[in-house]
2 protein chains.
Amino acid sequence: MHSSLGTENSGTGTLGKALSVLEIVVSSDRPLRFIEILALSDQPRGTLHRHLAHLVEEGLLIQGRDLCYEPGLRLLKFAYRSWSKNQFRAVAAPHLSKLHEETGETVHLGVLRGTEIIYVDKVESRQTVRMGSQIGNASPVYCTGLGKAALSVLPQDRLAETLGKLTFHRFTANTHLSVAALKRDLDEARLRGYAFDREEHETEIRCVAAAIHDTRFDLVGGISVTGPAYRVTMEQLEIWAHAVRRAAMAISEDVEVRLGPGR
Amino acid sequence: MHSSLGTENSGTGTLGKALSVLEIVVSSDRPLRFIEILALSDQPRGTLHRHLAHLVEEGLLIQGRDLCYEPGLRLLKFAYRSWSKNQFRAVAAPHLSKLHEETGETVHLGVLRGTEIIYVDKVESRQTVRMGSQIGNASPVYCTGLGKAALSVLPQDRLAETLGKLTFHRFTANTHLSVAALKRDLDEARLRGYAFDREEHETEIRCVAAAIHDTRFDLVGGISVTGPAYRVTMEQLEIWAHAVRRAAMAISEDVEVRLGPGR
DNA sequence: CAGTCGGTTCCATTATGTGGAACTGACTCT
DNA sequence: AGAGTCAGTTCCACATAATGGAACCGACTG
(Lines give C-alpha, C1' and ligand atoms only; values in the text may rest on other atoms or scores of the structure.)
Protein backbone atom coordinates (compact mmCIF):
# COMPACT_ATOMS: atom_id res chain seq x y z
CA MET A 1 0.00 0.00 0.00
CA HIS A 2 2.28 2.69 1.24
CA SER A 3 5.18 0.97 -0.39
CA SER A 4 4.07 2.30 -3.74
CA LEU A 5 7.00 4.60 -3.08
CA GLY A 6 9.05 2.17 -5.07
CA THR A 7 9.68 4.79 -7.73
CA GLU A 8 10.80 7.30 -5.15
CA ASN A 9 12.35 9.61 -7.71
CA SER A 10 10.97 11.24 -10.82
CA GLY A 11 7.48 12.33 -11.48
CA THR A 12 4.40 11.18 -9.68
CA GLY A 13 1.69 11.72 -12.20
CA THR A 14 1.39 14.80 -14.30
CA LEU A 15 2.46 17.20 -11.58
CA GLY A 16 5.66 15.33 -10.99
CA LYS A 17 6.58 15.33 -14.64
CA ALA A 18 6.00 19.03 -14.91
CA LEU A 19 8.02 19.70 -11.79
CA SER A 20 10.92 17.66 -13.02
CA VAL A 21 11.00 19.89 -16.07
CA LEU A 22 10.82 22.95 -13.89
CA GLU A 23 13.63 21.65 -11.80
CA ILE A 24 15.85 21.20 -14.80
CA VAL A 25 15.45 24.83 -15.73
CA VAL A 26 15.76 26.14 -12.22
CA SER A 27 18.81 24.04 -11.46
CA SER A 28 20.69 25.28 -14.44
CA ASP A 29 22.76 28.37 -13.92
CA ARG A 30 21.84 29.87 -17.24
CA PRO A 31 18.76 30.08 -19.43
CA LEU A 32 18.19 26.88 -21.38
CA ARG A 33 17.03 26.26 -24.90
CA PHE A 34 14.33 23.80 -25.71
CA ILE A 35 16.69 21.23 -27.04
CA GLU A 36 18.94 21.38 -24.03
CA ILE A 37 16.04 20.69 -21.76
CA LEU A 38 15.01 17.89 -24.06
CA ALA A 39 18.42 16.32 -23.65
CA LEU A 40 18.30 16.62 -19.87
CA SER A 41 14.79 15.27 -19.50
CA ASP A 42 13.61 11.85 -20.50
CA GLN A 43 10.40 13.00 -22.10
CA PRO A 44 9.44 12.99 -25.75
CA ARG A 45 9.42 16.23 -27.68
CA GLY A 46 5.72 16.81 -27.81
CA THR A 47 5.18 16.14 -24.15
CA LEU A 48 8.07 18.28 -23.05
CA HIS A 49 6.97 21.10 -25.23
CA ARG A 50 3.52 21.10 -23.71
CA HIS A 51 4.90 20.96 -20.19
CA LEU A 52 7.04 23.97 -20.89
CA ALA A 53 4.09 25.80 -22.38
CA HIS A 54 2.06 25.09 -19.26
CA LEU A 55 4.84 26.17 -16.96
CA VAL A 56 5.17 29.40 -18.86
CA GLU A 57 1.44 29.94 -18.81
CA GLU A 58 1.49 29.47 -15.06
CA GLY A 59 4.28 31.97 -14.64
CA LEU A 60 6.73 29.47 -13.23
CA LEU A 61 8.95 29.90 -16.25
CA ILE A 62 9.44 32.73 -18.64
CA GLN A 63 10.56 32.48 -22.17
CA GLY A 64 12.80 35.38 -23.00
CA ARG A 65 13.62 36.39 -26.53
CA ASP A 66 15.88 33.92 -28.31
CA LEU A 67 13.52 31.28 -26.91
CA CYS A 68 15.41 30.56 -23.76
CA TYR A 69 13.59 29.39 -20.67
CA GLU A 70 14.30 30.92 -17.29
CA PRO A 71 12.71 30.77 -13.84
CA GLY A 72 9.60 32.89 -13.75
CA LEU A 73 8.44 35.56 -11.42
CA ARG A 74 5.80 33.48 -9.76
CA LEU A 75 8.48 31.34 -8.25
CA LEU A 76 9.57 34.38 -6.31
CA LYS A 77 6.30 34.34 -4.49
CA PHE A 78 6.53 30.74 -3.46
CA ALA A 79 10.15 31.27 -2.77
CA TYR A 80 10.01 34.21 -0.51
CA ARG A 81 7.04 33.00 1.40
CA SER A 82 8.31 29.58 2.18
CA TRP A 83 11.68 30.98 3.02
CA SER A 84 10.63 33.69 5.40
CA LYS A 85 8.07 31.47 7.03
CA ASN A 86 10.41 28.66 7.77
CA GLN A 87 10.33 28.69 11.53
CA PHE A 88 13.15 26.29 11.92
CA ARG A 89 15.46 28.51 9.97
CA ALA A 90 14.42 31.55 11.96
CA VAL A 91 15.09 29.84 15.24
CA ALA A 92 18.47 28.59 14.12
CA ALA A 93 19.70 31.76 12.43
CA PRO A 94 21.28 33.50 15.42
CA HIS A 95 23.14 30.33 16.35
CA LEU A 96 24.51 30.04 12.85
CA SER A 97 25.76 33.59 13.00
CA LYS A 98 27.44 32.99 16.32
CA LEU A 99 29.12 29.88 15.06
CA HIS A 100 30.25 31.72 11.99
CA GLU A 101 31.82 34.41 14.12
CA GLU A 102 33.64 31.87 16.20
CA THR A 103 35.06 30.02 13.23
CA GLY A 104 35.13 32.41 10.32
CA GLU A 105 34.14 29.59 8.00
CA THR A 106 30.93 28.76 6.18
CA VAL A 107 28.14 27.47 8.39
CA HIS A 108 25.28 25.33 7.08
CA LEU A 109 21.88 24.40 8.40
CA GLY A 110 20.31 21.34 6.83
CA VAL A 111 17.51 18.88 7.30
CA LEU A 112 17.14 15.25 6.40
CA ARG A 113 14.69 14.35 3.70
CA GLY A 114 14.72 10.77 2.56
CA THR A 115 18.28 9.92 1.64
CA GLU A 116 19.33 13.49 1.16
CA ILE A 117 20.28 16.50 3.19
CA ILE A 118 18.61 19.70 2.14
CA TYR A 119 20.39 22.92 2.87
CA VAL A 120 18.00 25.30 4.55
CA ASP A 121 20.31 28.15 5.38
CA LYS A 122 23.92 29.13 5.30
CA VAL A 123 26.26 31.86 6.45
CA GLU A 124 29.05 32.33 3.97
CA SER A 125 32.66 32.47 4.85
CA ARG A 126 34.17 35.93 4.61
CA GLN A 127 36.97 34.49 2.59
CA THR A 128 36.10 34.00 -0.99
CA VAL A 129 36.32 30.32 -1.65
CA ARG A 130 33.39 29.10 -3.64
CA MET A 131 31.66 25.96 -2.59
CA GLY A 132 28.94 24.11 -4.43
CA SER A 133 26.43 24.41 -1.66
CA GLN A 134 23.26 26.32 -2.40
CA ILE A 135 20.24 26.81 -0.26
CA GLY A 136 17.52 24.41 -1.26
CA ASN A 137 20.04 22.06 -2.76
CA ALA A 138 20.19 18.46 -1.79
CA SER A 139 23.28 16.40 -1.13
CA PRO A 140 23.51 12.69 -0.40
CA VAL A 141 23.59 11.76 3.29
CA TYR A 142 26.45 9.33 3.04
CA CYS A 143 29.19 11.74 2.08
CA THR A 144 28.40 14.91 3.96
CA GLY A 145 29.04 15.84 7.54
CA LEU A 146 25.48 17.01 7.94
CA GLY A 147 24.14 13.81 6.47
CA LYS A 148 26.16 11.58 8.70
CA ALA A 149 25.41 13.63 11.79
CA ALA A 150 21.70 13.40 11.03
CA LEU A 151 21.81 9.68 10.37
CA SER A 152 23.71 9.06 13.57
CA VAL A 153 20.77 10.15 15.70
CA LEU A 154 18.12 8.22 13.79
CA PRO A 155 16.36 5.38 15.61
CA GLN A 156 17.41 1.88 14.51
CA ASP A 157 14.48 1.08 12.28
CA ARG A 158 14.42 4.35 10.44
CA LEU A 159 18.17 4.25 9.98
CA ALA A 160 17.95 0.77 8.49
CA GLU A 161 15.19 1.88 6.18
CA THR A 162 17.17 4.89 4.98
CA LEU A 163 20.37 2.92 4.51
CA GLY A 164 18.42 0.40 2.49
CA LYS A 165 17.47 3.04 -0.04
CA LEU A 166 21.00 4.34 -0.59
CA THR A 167 22.81 4.08 -3.84
CA PHE A 168 26.43 5.09 -3.63
CA HIS A 169 28.36 7.23 -5.99
CA ARG A 170 32.08 7.92 -5.76
CA PHE A 171 32.52 11.66 -5.52
CA THR A 172 36.10 11.58 -4.26
CA ALA A 173 38.69 9.04 -3.25
CA ASN A 174 37.31 9.20 0.31
CA THR A 175 33.63 8.70 -0.40
CA HIS A 176 32.06 5.80 1.47
CA LEU A 177 30.86 3.24 -1.01
CA SER A 178 29.17 0.66 1.17
CA VAL A 179 26.61 0.58 3.92
CA ALA A 180 29.13 -1.24 6.10
CA ALA A 181 31.74 1.49 5.84
CA LEU A 182 29.17 4.16 6.41
CA LYS A 183 27.82 2.35 9.46
CA ARG A 184 31.25 2.28 11.09
CA ASP A 185 31.56 5.99 10.52
CA LEU A 186 28.11 6.59 11.96
CA ASP A 187 28.95 4.57 15.08
CA GLU A 188 31.95 6.77 15.69
CA ALA A 189 29.95 9.90 15.08
CA ARG A 190 27.27 8.73 17.49
CA LEU A 191 29.84 8.18 20.22
CA ARG A 192 31.57 11.49 19.67
CA GLY A 193 28.41 13.49 19.15
CA TYR A 194 29.61 14.98 15.88
CA ALA A 195 30.51 13.86 12.39
CA PHE A 196 33.22 14.75 9.92
CA ASP A 197 33.39 15.05 6.21
CA ARG A 198 36.95 14.19 5.28
CA GLU A 199 36.86 15.38 1.68
CA GLU A 200 34.24 12.77 0.95
CA HIS A 201 31.97 14.89 -1.19
CA GLU A 202 34.34 17.41 -2.71
CA THR A 203 38.08 17.21 -2.66
CA GLU A 204 39.74 19.94 -0.65
CA ILE A 205 36.58 20.48 1.37
CA ARG A 206 36.27 19.32 4.96
CA CYS A 207 33.60 19.83 7.54
CA VAL A 208 32.43 19.01 11.02
CA ALA A 209 28.74 18.67 11.82
CA ALA A 210 26.42 17.98 14.73
CA ALA A 211 22.84 16.79 14.66
CA ILE A 212 19.64 18.50 15.65
CA HIS A 213 16.88 16.14 16.55
CA ASP A 214 13.38 16.92 17.67
CA THR A 215 10.99 14.01 17.89
CA ARG A 216 8.05 16.28 18.52
CA PHE A 217 8.34 17.80 15.11
CA ASP A 218 9.93 14.81 13.49
CA LEU A 219 12.76 17.16 12.66
CA VAL A 220 16.13 15.63 11.91
CA GLY A 221 18.91 17.83 10.67
CA GLY A 222 22.08 19.50 11.74
CA ILE A 223 24.56 22.28 11.44
CA SER A 224 28.07 22.20 10.11
CA VAL A 225 31.20 24.25 9.69
CA THR A 226 32.86 23.79 6.33
CA GLY A 227 36.08 24.98 4.85
CA PRO A 228 38.83 24.31 2.35
CA ALA A 229 41.35 21.69 3.37
CA TYR A 230 44.36 23.96 3.04
CA ARG A 231 42.97 26.18 5.74
CA VAL A 232 40.94 23.77 7.80
CA THR A 233 42.89 20.82 9.17
CA MET A 234 41.34 17.86 10.92
CA GLU A 235 42.86 19.19 14.14
CA GLN A 236 41.11 22.46 13.62
CA LEU A 237 37.82 20.65 13.06
CA GLU A 238 38.30 18.76 16.32
CA ILE A 239 38.68 22.06 18.09
CA TRP A 240 35.55 23.50 16.51
CA ALA A 241 33.58 20.33 17.13
CA HIS A 242 32.61 21.37 20.64
CA ALA A 243 31.28 24.70 19.50
CA VAL A 244 29.33 23.04 16.70
CA ARG A 245 27.83 20.54 19.08
CA ARG A 246 26.97 23.24 21.57
CA ALA A 247 25.26 25.27 18.89
CA ALA A 248 23.32 22.22 17.68
CA MET A 249 22.10 21.53 21.19
CA ALA A 250 21.20 25.16 21.70
CA ILE A 251 19.12 25.08 18.52
CA SER A 252 17.42 21.86 19.62
CA GLU A 253 16.46 23.56 22.86
CA ASP A 254 15.24 26.66 21.12
CA VAL A 255 13.16 24.59 18.76
CA GLU A 256 11.60 22.82 21.70
CA VAL A 257 10.87 26.05 23.52
CA ARG A 258 9.97 28.39 20.70
CA LEU A 259 8.06 26.06 18.48
CA GLY A 260 6.79 23.76 21.15
CA PRO A 261 4.08 25.20 23.40
CA GLY A 262 2.52 27.34 20.71
CA ARG A 263 1.99 24.25 18.59
CA MET B 1 -5.77 32.38 -30.71
CA HIS B 2 -3.58 34.13 -28.25
CA SER B 3 -6.62 35.65 -26.71
CA SER B 4 -7.39 32.33 -25.09
CA LEU B 5 -6.09 34.19 -22.07
CA GLY B 6 -9.68 35.00 -21.36
CA THR B 7 -9.56 32.92 -18.21
CA GLU B 8 -6.40 34.65 -17.14
CA ASN B 9 -6.67 33.51 -13.56
CA SER B 10 -7.12 30.09 -12.04
CA GLY B 11 -5.80 26.84 -13.25
CA THR B 12 -4.72 25.93 -16.72
CA GLY B 13 -5.18 22.22 -16.81
CA THR B 14 -4.09 19.96 -14.03
CA LEU B 15 -0.94 21.84 -13.24
CA GLY B 16 -2.81 25.06 -12.75
CA LYS B 17 -5.27 23.50 -10.38
CA ALA B 18 -2.52 21.99 -8.31
CA LEU B 19 -0.66 25.27 -8.20
CA SER B 20 -3.71 27.17 -7.08
CA VAL B 21 -3.93 24.79 -4.16
CA LEU B 22 -0.27 25.26 -3.43
CA GLU B 23 -0.72 28.98 -3.56
CA ILE B 24 -3.49 28.88 -1.01
CA VAL B 25 -1.26 27.12 1.46
CA VAL B 26 1.79 29.22 0.74
CA SER B 27 -0.14 32.47 0.92
CA SER B 28 -1.58 31.71 4.30
CA ASP B 29 0.46 32.84 7.24
CA ARG B 30 -0.21 29.72 9.24
CA PRO B 31 -0.56 26.01 8.56
CA LEU B 32 -3.95 25.14 7.17
CA ARG B 33 -6.25 22.23 7.78
CA PHE B 34 -7.84 20.30 4.98
CA ILE B 35 -11.22 21.86 5.47
CA GLU B 36 -9.86 25.37 5.47
CA ILE B 37 -8.19 24.81 2.15
CA LEU B 38 -11.41 23.30 0.90
CA ALA B 39 -13.24 26.48 1.80
CA LEU B 40 -10.66 28.67 0.09
CA SER B 41 -10.48 26.61 -3.08
CA ASP B 42 -13.30 25.94 -5.46
CA GLN B 43 -12.57 22.30 -5.93
CA PRO B 44 -14.54 19.32 -4.74
CA ARG B 45 -13.34 17.31 -1.79
CA GLY B 46 -11.99 14.32 -3.62
CA THR B 47 -10.08 16.36 -6.14
CA LEU B 48 -8.60 18.66 -3.57
CA HIS B 49 -7.55 15.79 -1.42
CA ARG B 50 -5.69 14.17 -4.27
CA HIS B 51 -4.00 17.40 -5.21
CA LEU B 52 -2.78 17.85 -1.69
CA ALA B 53 -1.54 14.28 -1.63
CA HIS B 54 0.40 14.88 -4.83
CA LEU B 55 1.86 18.12 -3.58
CA VAL B 56 3.00 16.41 -0.42
CA GLU B 57 4.45 13.56 -2.40
CA GLU B 58 6.38 16.04 -4.49
CA GLY B 59 7.74 17.78 -1.43
CA LEU B 60 6.07 21.08 -2.19
CA LEU B 61 3.93 20.74 0.90
CA ILE B 62 4.46 18.95 4.14
CA GLN B 63 1.80 17.63 6.41
CA GLY B 64 2.85 18.13 9.99
CA ARG B 65 1.21 16.32 12.86
CA ASP B 66 -2.36 17.47 13.53
CA LEU B 67 -2.82 17.17 9.76
CA CYS B 68 -1.92 20.72 8.93
CA TYR B 69 -0.41 21.55 5.59
CA GLU B 70 2.61 23.83 5.32
CA PRO B 71 5.03 24.86 2.58
CA GLY B 72 7.52 22.09 1.95
CA LEU B 73 11.25 22.12 1.77
CA ARG B 74 11.44 21.60 -1.92
CA LEU B 75 10.02 25.06 -2.41
CA LEU B 76 13.17 26.42 -0.86
CA LYS B 77 15.12 25.06 -3.74
CA PHE B 78 13.02 26.68 -6.39
CA ALA B 79 12.82 29.72 -4.24
CA TYR B 80 16.40 30.41 -3.58
CA ARG B 81 17.51 29.65 -7.07
CA SER B 82 15.09 31.85 -8.84
CA TRP B 83 15.65 34.59 -6.34
CA SER B 84 19.37 34.73 -6.50
CA LYS B 85 19.39 34.31 -10.23
CA ASN B 86 17.01 37.08 -10.98
CA GLN B 87 19.21 39.36 -13.00
CA PHE B 88 16.86 42.25 -12.97
CA ARG B 89 16.81 42.30 -9.22
CA ALA B 90 20.58 42.09 -9.05
CA VAL B 91 21.01 45.02 -11.40
CA ALA B 92 18.52 47.12 -9.52
CA ALA B 93 19.62 46.30 -5.99
CA PRO B 94 22.30 48.98 -5.53
CA HIS B 95 19.94 51.66 -6.80
CA LEU B 96 17.30 50.57 -4.35
CA SER B 97 19.76 50.82 -1.50
CA LYS B 98 20.83 54.26 -2.57
CA LEU B 99 17.26 55.44 -2.79
CA HIS B 100 16.57 53.99 0.59
CA GLU B 101 19.46 55.87 2.06
CA GLU B 102 18.26 59.11 0.55
CA THR B 103 14.72 58.75 1.82
CA GLY B 104 14.84 56.48 4.82
CA GLU B 105 11.59 54.89 3.71
CA THR B 106 10.72 51.52 2.23
CA VAL B 107 11.76 51.10 -1.38
CA HIS B 108 10.09 48.61 -3.71
CA LEU B 109 11.04 47.09 -7.02
CA GLY B 110 8.18 45.60 -9.01
CA VAL B 111 7.32 44.35 -12.44
CA LEU B 112 4.10 44.31 -14.40
CA ARG B 113 2.49 40.99 -15.05
CA GLY B 114 -0.93 41.07 -16.60
CA THR B 115 -3.06 43.37 -14.47
CA GLU B 116 -0.88 43.06 -11.43
CA ILE B 117 2.36 44.39 -10.09
CA ILE B 118 4.63 41.78 -8.63
CA TYR B 119 7.05 42.87 -5.97
CA VAL B 120 10.48 41.59 -6.86
CA ASP B 121 12.55 43.19 -4.15
CA LYS B 122 12.33 45.64 -1.34
CA VAL B 123 14.47 47.50 1.12
CA GLU B 124 12.65 47.94 4.38
CA SER B 125 12.33 51.19 6.20
CA ARG B 126 14.43 51.38 9.33
CA GLN B 127 11.41 52.55 11.24
CA THR B 128 9.12 49.77 12.25
CA VAL B 129 5.89 50.36 10.46
CA ARG B 130 4.53 47.19 8.97
CA MET B 131 3.21 47.23 5.48
CA GLY B 132 1.40 44.51 3.65
CA SER B 133 3.93 44.25 0.91
CA GLN B 134 5.79 41.00 0.56
CA ILE B 135 8.21 39.97 -2.10
CA GLY B 136 6.51 37.83 -4.67
CA ASN B 137 3.17 39.30 -3.79
CA ALA B 138 0.94 40.78 -6.39
CA SER B 139 -1.05 43.98 -6.11
CA PRO B 140 -3.52 45.44 -8.58
CA VAL B 141 -2.10 47.97 -10.99
CA TYR B 142 -4.85 50.52 -10.62
CA CYS B 143 -4.29 51.43 -6.99
CA THR B 144 -0.54 51.31 -6.53
CA GLY B 145 2.10 53.83 -7.44
CA LEU B 146 4.17 51.15 -9.10
CA GLY B 147 1.21 49.91 -11.07
CA LYS B 148 0.28 53.32 -12.37
CA ALA B 149 3.86 54.21 -13.17
CA ALA B 150 4.22 51.01 -15.17
CA LEU B 151 0.93 51.51 -16.99
CA SER B 152 1.84 55.06 -17.89
CA VAL B 153 4.69 53.93 -20.11
CA LEU B 154 2.79 51.19 -21.88
CA PRO B 155 2.14 51.61 -25.60
CA GLN B 156 -1.45 52.48 -26.50
CA ASP B 157 -2.60 49.07 -27.61
CA ARG B 158 -1.16 47.17 -24.73
CA LEU B 159 -2.51 49.71 -22.28
CA ALA B 160 -5.97 49.37 -23.73
CA GLU B 161 -5.75 45.61 -23.53
CA THR B 162 -4.68 45.72 -19.91
CA LEU B 163 -7.29 48.26 -18.92
CA GLY B 164 -9.89 46.07 -20.56
CA LYS B 165 -9.10 43.22 -18.25
CA LEU B 166 -9.35 45.23 -15.06
CA THR B 167 -11.95 44.63 -12.43
CA PHE B 168 -12.02 47.27 -9.74
CA HIS B 169 -12.27 46.77 -6.04
CA ARG B 170 -12.59 49.55 -3.48
CA PHE B 171 -9.70 49.23 -1.08
CA THR B 172 -9.94 52.72 0.38
CA ALA B 173 -11.97 55.87 -0.13
CA ASN B 174 -9.41 57.01 -2.70
CA THR B 175 -9.25 53.91 -4.86
CA HIS B 176 -9.94 54.52 -8.54
CA LEU B 177 -13.07 52.64 -9.54
CA SER B 178 -13.30 53.30 -13.25
CA VAL B 179 -11.09 53.11 -16.27
CA ALA B 180 -11.86 56.76 -16.95
CA ALA B 181 -10.60 57.96 -13.59
CA LEU B 182 -7.56 55.77 -13.83
CA LYS B 183 -6.78 57.06 -17.32
CA ARG B 184 -6.79 60.66 -16.13
CA ASP B 185 -4.37 59.73 -13.41
CA LEU B 186 -2.16 57.92 -15.89
CA ASP B 187 -2.09 60.91 -18.20
CA GLU B 188 -0.82 63.07 -15.37
CA ALA B 189 1.73 60.50 -14.40
CA ARG B 190 2.95 60.24 -17.96
CA LEU B 191 3.46 63.99 -18.15
CA ARG B 192 5.22 64.21 -14.82
CA GLY B 193 7.29 61.08 -15.24
CA TYR B 194 6.21 59.62 -11.93
CA ALA B 195 3.04 58.38 -10.26
CA PHE B 196 1.58 58.68 -6.80
CA ASP B 197 -0.41 56.42 -4.60
CA ARG B 198 -2.57 58.71 -2.49
CA GLU B 199 -3.74 56.15 0.04
CA GLU B 200 -5.50 54.31 -2.74
CA HIS B 201 -4.53 50.80 -1.73
CA GLU B 202 -4.13 51.05 2.01
CA THR B 203 -5.20 53.94 4.14
CA GLU B 204 -2.38 55.85 5.74
CA ILE B 205 0.06 54.60 3.12
CA ARG B 206 1.37 56.87 0.37
CA CYS B 207 3.97 56.35 -2.27
CA VAL B 208 5.70 57.82 -5.28
CA ALA B 209 6.87 55.62 -8.12
CA ALA B 210 8.67 55.84 -11.45
CA ALA B 211 8.64 53.38 -14.30
CA ILE B 212 11.37 51.20 -15.71
CA HIS B 213 10.82 50.23 -19.30
CA ASP B 214 12.98 48.11 -21.49
CA THR B 215 11.55 47.11 -24.82
CA ARG B 216 14.42 44.80 -25.55
CA PHE B 217 13.49 42.54 -22.69
CA ASP B 218 9.84 43.39 -22.69
CA LEU B 219 10.40 44.47 -19.13
CA VAL B 220 7.91 46.87 -17.63
CA GLY B 221 8.12 47.72 -13.97
CA GLY B 222 9.20 50.39 -11.61
CA ILE B 223 10.50 51.46 -8.26
CA SER B 224 8.75 53.28 -5.50
CA VAL B 225 9.25 54.91 -2.15
CA THR B 226 6.49 54.17 0.29
CA GLY B 227 5.69 55.40 3.74
CA PRO B 228 3.00 56.07 6.30
CA ALA B 229 0.92 59.17 5.71
CA TYR B 230 1.67 60.75 9.07
CA ARG B 231 5.33 60.86 8.17
CA VAL B 232 5.21 61.17 4.42
CA THR B 233 3.24 64.12 3.13
CA MET B 234 2.40 64.69 -0.51
CA GLU B 235 4.90 67.55 -0.44
CA GLN B 236 7.57 65.19 0.73
CA LEU B 237 6.72 62.78 -2.08
CA GLU B 238 7.06 65.58 -4.62
CA ILE B 239 10.53 66.23 -3.30
CA TRP B 240 11.53 62.59 -3.52
CA ALA B 241 9.99 62.19 -6.94
CA HIS B 242 13.11 63.42 -8.70
CA ALA B 243 15.33 60.96 -6.92
CA VAL B 244 12.93 58.14 -7.65
CA ARG B 245 12.80 59.05 -11.29
CA ARG B 246 16.55 59.35 -11.49
CA ALA B 247 16.98 55.93 -9.89
CA ALA B 248 14.46 54.40 -12.28
CA MET B 249 16.30 55.80 -15.25
CA ALA B 250 19.62 54.63 -13.87
CA ILE B 251 18.22 51.13 -13.53
CA SER B 252 16.87 51.24 -17.07
CA GLU B 253 20.31 52.14 -18.31
CA ASP B 254 21.98 49.46 -16.27
CA VAL B 255 19.55 46.89 -17.55
CA GLU B 256 20.35 47.91 -21.07
CA VAL B 257 24.08 47.81 -20.51
CA ARG B 258 24.46 44.86 -18.18
CA LEU B 259 21.85 42.56 -19.61
CA GLY B 260 22.05 43.76 -23.15
CA PRO B 261 25.19 42.85 -25.03
CA GLY B 262 25.76 39.59 -23.21
CA ARG B 263 22.35 38.43 -24.31
C1' DC C 1 18.65 24.78 -53.37
C1' DA C 2 19.23 20.32 -50.86
C1' DG C 3 20.17 19.19 -45.97
C1' DT C 4 20.14 19.74 -41.14
C1' DC C 5 18.47 21.41 -36.91
C1' DG C 6 15.62 23.72 -33.44
C1' DG C 7 11.09 24.62 -32.47
C1' DT C 8 6.10 23.96 -33.03
C1' DT C 9 1.72 21.76 -34.14
C1' DC C 10 -1.51 17.78 -34.90
C1' DC C 11 -4.32 14.08 -33.47
C1' DA C 12 -5.76 9.26 -32.42
C1' DT C 13 -4.91 6.67 -28.22
C1' DT C 14 -5.11 6.05 -23.47
C1' DA C 15 -3.65 7.14 -19.06
C1' DT C 16 -4.99 10.46 -15.53
C1' DG C 17 -7.53 13.36 -13.19
C1' DT C 18 -12.41 14.18 -11.78
C1' DG C 19 -15.87 14.56 -8.30
C1' DG C 20 -20.11 12.67 -6.24
C1' DA C 21 -21.01 9.50 -2.79
C1' DA C 22 -20.09 6.45 0.70
C1' DC C 23 -17.08 5.22 4.71
C1' DT C 24 -14.41 5.95 9.10
C1' DG C 25 -13.37 7.57 13.39
C1' DA C 26 -13.23 11.28 16.67
C1' DC C 27 -15.75 14.39 19.22
C1' DT C 28 -20.08 16.55 21.22
C1' DC C 29 -24.50 17.04 22.88
C1' DT C 30 -28.41 15.26 25.69
C1' DA D 1 -24.39 5.14 26.23
C1' DG D 2 -26.47 6.54 21.65
C1' DA D 3 -27.60 9.91 17.99
C1' DG D 4 -25.57 13.48 15.50
C1' DT D 5 -22.03 16.18 13.42
C1' DC D 6 -17.76 17.04 11.37
C1' DA D 7 -12.98 16.36 9.46
C1' DG D 8 -10.56 13.42 6.78
C1' DT D 9 -10.15 9.60 3.66
C1' DT D 10 -11.31 6.19 0.12
C1' DC D 11 -13.78 4.44 -3.97
C1' DC D 12 -14.98 4.11 -8.71
C1' DA D 13 -17.64 4.97 -13.21
C1' DC D 14 -16.76 8.65 -16.23
C1' DA D 15 -14.72 12.26 -19.03
C1' DT D 16 -11.07 15.14 -19.65
C1' DA D 17 -6.49 16.07 -20.32
C1' DA D 18 -1.91 14.21 -21.10
C1' DT D 19 0.68 11.34 -24.29
C1' DG D 20 4.06 10.89 -27.93
C1' DG D 21 4.97 9.65 -32.71
C1' DA D 22 4.92 11.98 -36.87
C1' DA D 23 4.52 15.69 -39.78
C1' DC D 24 5.40 20.57 -40.41
C1' DC D 25 7.81 25.05 -40.52
C1' DG D 26 11.43 28.28 -40.93
C1' DA D 27 16.13 29.52 -40.35
C1' DC D 28 20.67 28.54 -41.04
C1' DT D 29 24.55 25.98 -43.59
C1' DG D 30 27.34 24.42 -47.08
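Chain identifiers are assigned alphabetically (A, B, ...) following the order of the sequence lines, protein sequences preceding nucleic acid strands; residue numbering begins at 1 within each chain.
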Margin query: Tell me the interatomic distance from A/H54, atom NE2, to C/dT8, atom P, rounded to whole angstroms.
Written below: 14 Å
Margin query: As a quick check of understanding, evaluate ring pair (Phe, Tyr, Trp, His ring centres under 6.0 Å) for A/F78 and B/F78, giving each step before the final call.
Written below: CA-CA 8 Å; A/F78 293 134; B/F78 294 132; 9.2 Å; no
Next item on the list: Figure out the CG/P separation between A/L15 and C/dT16, and round it to whole Å.
Entry: 13 Å
Margin query: Are B/H51 and B/S20 packed together at the side-chain level, in the sense that at least one heavy-atom pair is separated by less than 4.5 angstrom?
Written below: no
Notebook entry, point to check: Just how far, in rounded Å, is P of C/dG25 from CD1 of B/I35?
Noted result: 19 Å
Next item on the list: Round to the nearest Å and state the distance from A/F34 atom CZ to C/dT9 atom P.
Entry: 11 Å
Notebook entry, point to check: In whole angstrom, what separates B/D42's CG from C/dT18's C1'?
Noted result: 14 Å
Check: Can you tell me how far NZ of B/K183 sits from CG of B/L151, rounded to the nearest 0.5 angstrom?
Finding: 11.5 Å
Item checked: Phosphate OP1/OP2 of C/dT16 contacted by B/T14 side-chain N/O (<4.0 Å) -> no
Item checked: Integer-rounded Å distance: C/dA22 P and B/R45 CZ -> 13 Å
Notebook entry, point to check: Taking for each residue the nucleotide of DNA chain C bearing the nearest heavy atom, is the 5' side occupied by B/Q43 or by A/Y69?
Noted result: A/Y69
Check: Contact boundaries of DNA chain D with chain B (under 4.0 Å, heavy atoms), 5' to 3'?
Finding: D/dA7 to D/dA18
Check: Between B/H108 and B/D121, do the side chains contain an N or O donor and an N or O acceptor separated by less than 3.5 Å?
Finding: no
Check: Do A/L112 and A/R158 come within less than 4.5 Å of each other through their side chains, counting heavy atoms only?
Finding: yes
Check: Under 4.0 angstrom, heavy atoms only, what part of the nucleic acid is A/R33 near: base, sugar-phosphate, or nothing?
Finding: sugar-phosphate
Check: A/F171 versus A/P140: any side-chain heavy-atom pair under 4.5 Å?
Finding: yes
Note to self: Any base atoms under 4.0 Å from B/T47, or only sugar-phosphate, or nothing? Heavy atoms, all strands.
What the structure shows: base
Next item on the list: Give the rounded distance in Å between these two atoms: CG of B/L38 and P of C/dG19.
Entry: 12 Å
Item checked: Distance in angstrom units between B/H51 NE2 and C/dG19 P, rounded -> 9 Å
Item checked: Check ion pair B/E36-B/R30 (N to O, under 4.0 angstrom) -> yes
